[in-house]
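Sharing a structure here in structure tokens format.
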Amino acid sequence: MIDLRELNTRFDEIAENIRSRNMDLDLDEVLRLQQERSSLIQETEQLRQQRNDHAKQMKQKLSADERQHLIEAGKGIKGRIASAEEELKKVETRYFSLAGRIPNYAHPDAPIGNEEKDNLELRRWGTPRVFDFTPKDHMELALELDLIDFDAAVKVTGTKFYYFKREAVLMDLALQRYALDILAAKGFILMMTPDMAKESVAAGIGFQPRGSESNIYTVEDSDLCLVGTAEITLGAYHAQEMMDPEVLPRKYAGISHCFRKEAGAAGQYSKGLYRVHQFSKVEMLVLTLPEHSESMHQELVGIEEEIFQGLEIPYRVVDTCTGDLGAPAYRKYDIEAWMPGRGDLGDWGEITSASNCTDYQARNLKIRYKRNQDIEHVHILNGTAVAVSRALISILENHQRSDGSIRIPDALVPYTGFSEIRR
RNA sequence: GGAGAGAUGACCGAGUGGCCGAAGGUGCACGCUUGGAAAGCGUGUGUACCCCGAAAGGGUACCGAGGGUUCGAAUCCCUCUCUCUCCGCCA
């Protein structure tokens, strides 16, 4: 959440931000609750002070009569404290539940808008390949090469799951390993993370574990959910900690499975591997000092570009518009790969996403640092190194040959052990 | 899963109803001392929230978490979580 002390001082800015993100939130109500909470706190604290003063009087030598009198008075105070606390609790529950929905501030240069078309294209790399044959989409290629079996998965798990077979298995592992080597060389600490997390942790990162629009699977009879990304587990790794500024920036690269409900997501652009309930991903997560988060954000995008340049995938970098940011993000850059099998003529498809969430998540997770006498929240950034399912789409579709075989980009060959896939 | 032990400040560790935000020690910071260092001596050393304010200040809470008993809880009771040891099971 944002710093709620700024609710008053930056009220108009916060309200404007909510509008530009196309969100609906009664900010006046939040402010009203804040004031109500404040006066209730004053009331209960005053009563507690009375109780403490009163208890001190009891320590003196007293006649039985006086003592009895004071006990009666004490009981009265106790009752008033109880009812004041109860009222305070009610107000706080509502206050924090509403205030927690206030989104992070947006970067002043982030494009304003609600739809994908409002995203700002920053640059392109590579040239979409011109085929001298009709390119196939990844579904067709994978079927013919017996790399992915969606039909069998339907029997076992239902739609939007899949089995990887043969070289696809090694591709999954190779892509992860390829990304990890690049990240390790850049000072990232490699991690394998739990695929589950407490719902409170997911919520702290900014995911809604419950509710109809939630993208998160919850586990019955526990307070756990399946993670949608290692951002959750990596971000919470330092929860509740007071970090030494000397160790910042701290860079983590974590492997996890990612589970997403994707309820209601269907249609042409969601087919095949593009939108699935489970996939493997290498995620970058960085904790920095506030003054370093913007440059670190650029660095993360640079790493993502390096990874996909190595895979020889044409892409463009997009500055995500405010309506598409997601509550925790201050600014977000997506990399969209060229996918020749997408739509009729090929199209761009998101393969990575790098967000600067500034102190928004750190405040929920209580990750702070102390510099001299100042205590502040760290800034947290996250970015996709490789989301295997989508990376695989782009490799299959971009590097297909007329005979249906697939060329493996040189950078990946050391990790796959083969330079092409053919039958 | 069963049995037992435990959880106190940056760390170690005392504390079984009011004198405890918490002894003592270590560490850390500053000062004295020294040619310099060590030792020694002295002083200081948490977080969150609320009020007021230019600053200073005042208040409340926090001894794993949540509930309860009491005029008053680190201390008594209940529930939970976590850690450690032993047993069982297991990739």
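Order of the sequence lines sets the chain letters (A, B, ...), proteins ahead of strands, with each chain counted from 1. Because only heavy atoms are used, hydrogens play no part in the values below, and waters and symmetry mates are left out as well, while side chains stay in.
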Query - N or O in side chain of A/Arg51 less than 4.0 angstrom from B/A61 OP1/OP2 - result: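 Yes, because at least one side-chain N or O of A/Arg51 sits under 4.0 Å from OP1 or OP2 of B/A61.
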
**Report entry** Positive for side chain to side chain contact (heavy atoms under 4.5 Å, CB included) with A/Thr288, one of A/Leu381, A/Leu248, A/Val378, A/Ile380
**Finding:** A/Leu381

Query raised in the report: Considering all heavy atoms of both residues, which atom of A/Asn104 and which atom of A/Thr358 are nearest to each other, and what is their separation?
Result: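 That would be ND2-OG1, 2.8 Å.
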
**Report entry** Side-chain donor-acceptor pair present, A/Ser214, A/Lys261, cut-off under 3.5 Å
**Finding:** no

Report task. Look at all strands and tell whether A/Lys78 reaches a base, only sugar-phosphate, or nothing, counting heavy atoms closer than 4.0 Å. Result -> base

Report summary line: Here the distance between atom P of B/C50 and atom CD1 of A/Ile41, to the nearest Å, is 6 Å

Requested in this report: Can you tell me the distance, in whole Å, between the CD1 atom of A/Ile81 and the C1' atom of B/U69?
Outcome: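 Those two atoms, CD1 and C1', are 16 Å apart.
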
Query - C1' spacing across the pair B/U8 / B/G13, given as an integer number of angstrom - result: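 Going atom to atom, C1' in each nucleotide, I get 9 Å.
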
Query raised in the report: If the C1' atom of B/U70 is compared with that of B/C11, how far apart are they to the nearest Å?
Result: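 Those two atoms are separated by 35 Å.
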
Report summary line: Among B/C50, B/G67, B/U60, the one nearest any side-chain atom of A/Arg48 is B/U60

**Report entry** d(CG, A/Leu47; C1', B/G72) in whole Å
**Finding:**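 After rounding, the reported distance stands at 16 Å.
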
Requested in this report: Please report, rounded to the nearest Å, how far the C1' atom of B/U70 is from the CD1 atom of A/Ile77.
Outcome: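 Value for this atom pair: 14 Å.
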
Query - Touch class at under 4.0 angstrom, heavy-atom based, for A/Ile375 against every strand present - result: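 Sugar-phosphate contact only - A/Ile375 comes under 4.0 Å of backbone atoms but never of a base.
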
**Report entry** Cation over ring face, A/Arg342 and A/Tyr274, 6.0 Å, 45°
**Finding:** yes

Report summary line: Of the listed B/C49, B/U47, B/C71, the closest approach to the A/Glu45 side chain comes from B/C49

Query raised in the report: If you measure from the C1' atom in B/G6 to the same atom in B/A65, how many Å do you get, rounded?
Result: 16 Å

Query raised in the report: Taking atom P in both B/G53 and B/U45, what distance in whole Å separates the two?
Result: 27 Å

Report task. Would you kindly compare A/Gly74 and A/Arg5 by the position of their nearest RNA chain B nucleotide and give the one closer to the 5′ end? Result ->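 Result: A/Arg5.
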
Query raised in the report: How far, in whole Å, is B/U85 from B/A91 if one measures between their P atoms?
Result: 23 Å

**Report entry** Watson-Crick/G-U partner (both atom distances under 3.5 Å) of B/U81
**Finding:**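 For B/U81, the partner nucleotide comes out as B/A7, under the 3.5 Å rule.
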
Query raised in the report: Could you give the CG-to-P distance, from A/Leu70 to B/U70, as a whole number of Å?
Result: 17 Å

Query raised in the report: Taking for each residue the nucleotide of RNA chain B with the nearest heavy atom, is it A/Met242 or A/Asn52 whose nucleotide lies nearer the 5' end?
Result: A/Met242

Query raised in the report: Can you tell me the Watson-Crick or wobble partner of B/A56, both distances under 3.5 angstrom?
Result: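 Checking every strand shown, B/A56 finds no partner, since no pair has both distances under 3.5 Å.
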
Query raised in the report: When you compare B/C86 with B/C77, how far apart are their C1' atoms, in angstrom units rounded to a whole number?
Result: 29 Å

**Report entry** Candidates B/A48, B/G67, B/U60 - which lies nearest the side chain of A/Lys89
**Finding:**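 Looking only at heavy atoms from C-beta outward on A/Lys89, the closest nucleotide is B/G67.
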
Query raised in the report: The side chain of A/Gln42 lies closest to which of these nucleotides: B/C71, B/C51, B/A61?
Result: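 Minimum distance to the A/Gln42 side chain belongs to B/C51.
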
Query raised in the report: For the pair made of CG in A/Asp3 and P in B/A48, what is the distance, rounded to whole Å?
Result: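 Answer to the nearest Å: 12 Å.
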
Query raised in the report: Does atom CD of A/Glu312 have more than 12 heavy-atom neighbours, drawn from other residues, nucleotides or ligands, at distances under 6.0 Å?
Result: yes

Report task. To the nearest Å, give me how far apart CZ (A/Arg368) and P (B/G46) are. Result ->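 Interatomic distance, CZ of A/Arg368 to P of B/G46: 14 Å.
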
Query raised in the report: Using purine N1 to pyrimidine N3 plus N6-O4 or O6-N4 for Watson-Crick, or N1-O2 and O6-N3 for G-U wobble, each under 3.5 Å, what pairs with B/G31?
Result: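 In the structure as shown, B/G31 has B/C41 as its Watson-Crick or wobble partner.
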
Query raised in the report: Watson-Crick or G-U wobble partner for B/C76, using a 3.5 Å limit on both distances?
Result: B/G68

Report task. Rounded to whole angstrom, note down the P distance from B/C41 over to B/G24. Result -> 14 Å

Query - Separation of the C1' atoms in B/A7 and B/C12, to the nearest angstrom - result: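 After rounding to an integer number of Å, I get 14 Å for this pair.
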
Report task. Please tell me if the side chains of A/Pro103 and A/Ile18 come closer than 4.5 Å, counting only heavy atoms from C-beta onward. Result ->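 They are in contact (side-chain heavy atoms under 4.5 Å apart), so the answer is yes.
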
Report task. Kindly indicate whether the side chain of A/Gln49 and the base of B/G59 share any N or O donor-acceptor pair separated by less than 3.5 Å? Result -> no

Query raised in the report: If pairing requires Watson-Crick or G-U wobble contacts with both distances under 3.5 Å, which nucleotide is the partner of B/C86?
Result: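 Looking at the geometry, B/C86 pairs with B/G2.
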
Report task. State the pairing partner of B/C20; accept Watson-Crick or G-U wobble contacts with both distances under 3.5 Å, and report none otherwise. Result -> none

Report task. Compare side-chain N and O positions of A/Ser38 against OP1 and OP2 of B/C51 and report whether any pair is under 4.0 Å apart. Result ->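 Checking A/Ser38 against B/C51: at least one side-chain N or O falls below 4.0 Å of OP1 or OP2.
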
Query - Whole angstrom value for the distance that separates P of B/A48 from CE of A/Met1 - result: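 Going from CE in A/Met1 over to P in B/A48 covers 13 Å.
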
Report task. Fit a plane to each ring of A/Phe161 and A/His277, take the angle between them on a 0 to 90° scale, and name the class: parallel (under 30°), tilted (30 to 60°) or perpendicular (over 60°). Result ->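 Rings of A/Phe161 and A/His277: tilted, as their planes differ by 30° to 60°.
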
